[in-house]
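For the numbers below, each heavy atom of this structure counts, side chains included, while hydrogens, waters and symmetry mates do not.
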Amino acid sequence: MEYNLEKIRPHTVSLQERKRMQVTGVTDVESFDEQTVQLSTSLGELTVKGIGLHIGRIDVNTGELELEGEIWELSYSDSQPIGGGLFSRLFR
């Protein structure tokens, strides 16, 4: 997936000691609980997994978010356009 970098917010992830994370370029918080936080960012979907996760601060105007807890995993996935990917085309 290609992105027009001129029209999106800058996206950064900063992780300290696997206990505190700052993210910029956040466009939406899809869901959150103490084990999983799912974010939409300007460069794709970001899932954070861990224990005792909680959002310490979020600024919707600037797209900044701070997350605290024991962070185990960060994973990205690109948003698929409506119509799906290869498997949805194969199994129509």
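- Looking at Thr27, its side chain does come within 3.5 Å of a backbone N or O of Ser40 through a donor-acceptor pair.
- A pairwise comparison of heavy atoms in Asn61 and Asp59 identifies N-OD1, 2.9 Å as the closest pair.
- Inter-residue side-chain proximity for Glu45 and Glu30 is flagged as met; some heavy-atom pair is nearer than 4.5 Å.
- Here the CG-CD1 distance, from Leu67 to Ile55, works out to 6.5 Å after rounding to the nearest 0.5 Å.
- Put simply, OH on Tyr76 and NE2 on His11 are 2.5 Å apart, with the number rounded to the nearest 0.5 Å.
- With rounding to the nearest 0.5 Å, the separation of CG in Leu39 from CG in Asp28 is 9.0 Å.
- In this structure the side chain of Val37 never reaches within 4.5 angstrom of the side chain of Thr47, judged on heavy atoms.
- To the nearest 0.5 Å, atoms CG (Leu46) and CD (Gln38) are separated by 9.5 Å.
- The two residues Thr62 and Arg9 come nearest to each other via the heavy atoms C-NH1, 3.5 Å.
- Other residues, nucleotides and ligands contribute at most 12 non-hydrogen atoms within 6.0 Å of the CD atom of Glu17.
- For the pair Leu74/Met21, a side-chain contact is recorded, criterion being any heavy-atom separation below 4.5 Å from C-beta on.
- By the 4.5 Å heavy-atom criterion applied to side chains, Leu53 and Phe32 are not counted as neighbours.
- Proximity of Arg57 to Glu64: side-chain heavy atoms (C-beta onward) are separated by under 4.5 Å at one or more points.
- With Thr24 contributing its side chain and Thr12 its backbone, the two residues share a donor-acceptor pair below 3.5 Å.
- Clustering ILVMFWY residues whenever any of their side-chain heavy atoms sit less than 4.5 angstrom apart, transitively, puts Val29 in the very cluster that holds Ile71.
- Taken together through direct or relayed side-chain contacts under 4.5 Å among Ile, Leu, Val, Met, Phe, Trp and Tyr, Val23 and Trp72 form parts of separate hydrophobic clusters.
- Between Glu68 and Lys19 there is no salt bridge, since none of the side-chain N atoms of the basic residue sits less than 4.0 Å from a carboxylate O of the acidic one.
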**Request:** Kindly indicate, with the supporting measurements, whether the criterion side chain to side chain contact (heavy atoms under 4.5 Å, CB included) is fulfilled by Val48 and Thr36.
**Result:** CA-CA 6 Å; Val48 181; Thr36 305; over 6 Å; no
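- Ion pairing of Glu70 with Arg18 is absent here, as no side-chain N (NZ or NE/NH1/NH2) approaches a carboxylate O to less than 4.0 Å.
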